[in-house]
Amino acid sequence: MSSGKRKAASRNAILLMAGPGKDGKEGEFAELARAAGYNVVDVIRQRRTIDSRFYVGSGKLMQVKQLMADRGVTHVITYDKLKPSQFNNLRRELKVNVMDRVQLILEIFNERAGDMESKLQVRLAELYNQLPLLREYVRHAKRGEQIGFMGLGEYAIDAYYKHVLKQIAVIRRRLDELMIAQADRIRRRKEVGMPQVAITGYTMAGKTSLFNLLARESKGIDGRPFATLSTYSRLVSFHGKRAILTDTIGFIDDLPPLLIKSFYATISEVTYADVVLLVVDASEEDAEIKRKLSVSLNVFDSLAVNRQRVLAVMNKIDLLSPADLSRINGLASRFGLRFVDISAKMGIGIDELKSIVGEMLEDYVTVKLRGDVPEWAFKVATVLGSDGDGLTLLINKVYLPKLSKEAKIELIRNDVSD
């Protein structure tokens with residue numbers, strides 16, 4: 001048996017969902033748990049209001065206990081973030097590991113964080129997530145109540161709480177430095193005439209598959225949520241217009257504010273992008289597509305991303321009939337989005353996608369160069385043709401002042417936006 005299978009077999013989990021407004025989210029919750037290595041025994045759904053003591057009511061709690069006895073359950077995971085009192089009550093009542101969806105997502109992030117920035121972001125989110133529970137332990141310890149946090153006494157708990165606060169301050173300073181460096185890097189790209197194209201969208205929509213196809217890369221794809229935590233960038237030509245293409249982290253519904261805050265440095269590539277490719281899994285049910293589009297667009301709104309810069313990339317059309325495709329495209333139109341139909345797996349529609357992105361990258365001009373051409377121009381421009389008079393180049397407008405000092409140029413066509 002592989003180590004992955006042993007891990008799943010030893011971590012049997014019951015998932016709890018309470019409160020209204022969560023219909024249709026059971027499958028995604030279970031997929032997250034499986035991505036973290038849990039064997040999902042059952043998803044127990046309570047549609048009435050969340051119970052203040054145990055998250056779920058007494059009847060659902062009895063159902064959990066019965067399943068635990070029958071199936072060897074080791075973990076209980078709740079969809080909503082638990083209050084410290086709910087966490088303690090559930091742990092005492094069930095006598096198994098208790099966690100919420102925030103901790104579940106952090107487990108996945110912990111496993112997949114690659115570069116230093118991602119690792120720091122994960123650690124910061126973990127520490128923020130610990131604070132409410134630590135405050136509760138400190139409060140109980142000072143009242144003389146022992147509720148067993150890591151076997152520590154009152155003073156040790158208080159010292160650990162202060163240590164966590166210091167860690168948060170140190171990590172935030174380091175992340176602020178990284179964000180400044182990232183913003184400076186993006187600014188320099190723009191100054192040298194490199195437009196930005198960001199690939200984003202709901203997790204598991206096929207973003208990395210599209211990135212690999214456009215950038216001719218081979219980034220790993222495992223079909224699980226949050227395969228990409230660190231951003232990857234490559235120079236790509238969109239019908240002669242060169243741009244930096246970046247693969248970014250995927251969105252997910254009900255992402256807690258502390259995770260959005262901690263991962264701002266990762267998703268901020270979208271804020272600076274000239275074009276945002278919003279990848280959508282078009283093979284899903286209409287209700288799912290609507291929900292995921294809404295989640296993604298809400299994130300864009302929070303980042304002040306103008307929807308005129310967004311191109312909805314309707315992926316996996318190889319799984320759809322013509323009638324289904326027409327209906328799905330109608331959904332994108334109702335959200336006020338420009339769209340293109342593709343299959344990253346089959347390579348369908350990629351040329352049209354490149355053409356549309358090329359149109360959206362407006363700040364380019366076509367020029368004729370006569371005489372000697374500086375070597376650097378070939379790295380940033382696309383040669384459209386040559387004749388006895390010289391070379392015809394497609395180039396970003398930002399290079400024109402420098403180019404005019406080093407070569408004789410004639411403007412042939414101006415595609416620069418107003």
Side-chain angles (χ1 to χ4, degrees), residues 21-25 27-28 31 195-211 214 225-226 228 238 245-255 257 260 263-264 266-345 348-350 352-362 417:
K22 298 183 178 70
D23 291 339
K25 299 180 182 180
E28 183 174 282
E31 186 61 39
Q196 315 292 308
V197 177
I199 298 180
T200 191
Y202 210 85
T203 186
M204 297 178 66
K207 300 182 299 298
T208 301
S209 295
L210 179 59
F211 177 85
L214 293 173
F226 300 113
T228 297
F238 294 94
L245 179 69
T246 301
D247 188 16
T248 68
I249 188 172
F251 306 139
I252 193 166
D253 205 356
D254 299 329
L255 188 63
I260 292 176
F263 282 80
Y264 177 80
T266 302
I267 62 176
S268 64
E269 291 276 356
V270 176
T271 305
Y272 298 105
D274 299 274
V275 177
V276 178
L277 302 181
L278 174 58
V279 183
V280 179
D281 183 349
S283 69
E284 294 188 303
E285 298 293 327
D286 289 12
E288 276 295 275
I289 294 175
K290 288 178 183 177
R291 179 175 71 85
K292 293 179 178 180
L293 277 172
S294 294
V295 170
S296 301
L297 292 175
N298 285 340
V299 174
F300 289 164
D301 290 343
S302 71
L303 295 172
V305 173
N306 189 325
R307 294 190 187 183
Q308 295 299 313
R309 293 190 279 131
V310 178
L311 176 64
V313 181
M314 313 305 285
N315 191 24
K316 307 183 185 181
I317 64 168
D318 53 300
L319 303 177
L320 298 177
S321 68
D324 290 335
L325 185 58
S326 177
R327 189 182 71 254
I328 296 306
N329 287 339
L331 289 178
S333 296
R334 284 200 290 276
F335 277 92
L337 296 173
R338 187 175 185 178
F339 63 86
V340 61
D341 300 323
I342 74 155
S343 168
K345 180 180 178 180
I348 300 170
I350 302 303
E352 183 182 359
L353 184 152
K354 287 185 174 181
S355 178
I356 295 174
V357 173
E359 292 174 12
M360 296 174 75
L361 296 172
E362 298 175 309
S417 59

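In this chain, numbering begins with 1 at the start of the sequence shown.
- Side-chain contact check for Glu285 versus Ile289: every heavy-atom pair is 4.5 Å or farther apart.
- Residues in residues 295-324 take part in these ring pair (Phe, Tyr, Trp, His ring centres under 6.0 Å) pairs, two or more places apart or across chains: Phe251-Phe300.
- Contact of the Phe335 side chain with the Ser294 side chain is registered, since non-hydrogen atoms from C-beta on lie closer than 4.5 Å.
- For Arg307, the salt bridge (Lys or Arg N to Asp or Glu O under 4.0 Å) test picks out Asp301, with sequence neighbours left out.
- In this structure, CD1 in Ile252 is found 6.0 Å from OG1 in Thr203, a value given to the nearest 0.5 Å.
- Applying the salt bridge (charged side-chain N to carboxylate O under 4.0 Å, His left out) rule to pairs touching residues 336-345 yields Arg338-Glu359, sequence neighbours excluded.
- Side-chain contact check for Thr248 versus Ile199: every heavy-atom pair is 4.5 Å or farther apart.
- Judged purely by atom type and a 3.5 angstrom limit, Ser333 uses its side chain to pair as donor or acceptor with the backbone of Asn329.
- Taking 4.5 Å as the limit, some side-chain heavy atom of Leu210 sits within range of a side-chain heavy atom of Ile350.
- The CE atom of Met314 lies 10.5 Å from the OG atom of Ser283; values are rounded to the nearest 0.5 Å.
- Once rounded to the nearest 0.5 Å, the distance linking NZ of Lys207 with OG1 of Thr246 reads 14.0 Å.
- Every residue two or more places apart in sequence or in another chain that forms a salt bridge (Lys or Arg N to Asp or Glu O under 4.0 Å) with Lys25 is listed here: Asp253, Asp254.
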Can you check side-chain contact (heavy atoms from CB on, under 4.5 Å) on Met360 and Gln308, steps first, answer last? CA-CA 9 Å; Met360 296 174 75; Gln308 295 299 313; over 6 Å; no
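- Residues Phe211 and Leu245 are in side-chain contact: their nearest non-hydrogen atoms beyond the backbone lie under 4.5 Å apart.
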Stepwise side-chain contact (heavy atoms from CB on, under 4.5 Å) check, Val280 with Leu331: CA-CA 11 Å; Val280 179; Leu331 289 178; over 6 Å; no
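- The closest donor-acceptor contact from the side chain of Asp274 to the backbone of Val197 lies at 3.5 Å or more, if one exists at all.
- Put simply, the side chain of Val310 reaches to within 4.5 Å of the side chain of Val305, judged on heavy atoms.
- Scanning both residues, Gly206 and Val279, for their nearest heavy atoms gives C-CG1, 4.2 Å.
- Under 3.5 Å, the side chains of Tyr202 and Glu28 contain a donor-acceptor pair of N or O atoms.
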Test log, rule side-chain contact (heavy atoms from CB on, under 4.5 Å), inputs Arg309 and Val275: CA-CA 5 Å; Arg309 293 190 279 131; Val275 177; 5.8 Å; no
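- Ion pairing of Arg327 with Asp286 is present here, as a side-chain N (NZ or NE/NH1/NH2) and a carboxylate O approach within less than 4.0 Å.
- With respect to the salt-bridge test (charged N to carboxylate O, under 4.0 angstrom), the residues Lys292 and Glu284 qualify.
- Checking Val276, Leu277, Val299 one by one against Thr200, the side-chain contact (heavy atoms from CB on, under 4.5 Å) holds for a single residue, Val276.
- In this structure the side chain of Ile342 never reaches within 4.5 angstrom of the side chain of Ile348, judged on heavy atoms.
- Going from atom CZ of Phe339 over to atom CG of Leu353 covers 13.0 Å, rounded to the nearest 0.5 Å.
- Sequence neighbours left out, not one pair with a member in residues 307-328 passes ring pair (Phe, Tyr, Trp, His ring centres under 6.0 Å).
- Leu337 is not listed as a side-chain neighbour of Leu311, based on a closest heavy-atom distance of 4.5 Å or more.
- When the side-chain contact (heavy atoms from CB on, under 4.5 Å) test is applied to Ser321, the partners found at least two apart in sequence or on another chain are Ala323, Asp324.
- Remark: Leu361 CG to Ile356 CD1 distance equals 12.0 Å, nearest 0.5 Å.
- Note that OG of Ser343 and CG of Leu320 are 9.5 Å apart. Values are rounded to the nearest 0.5 Å.
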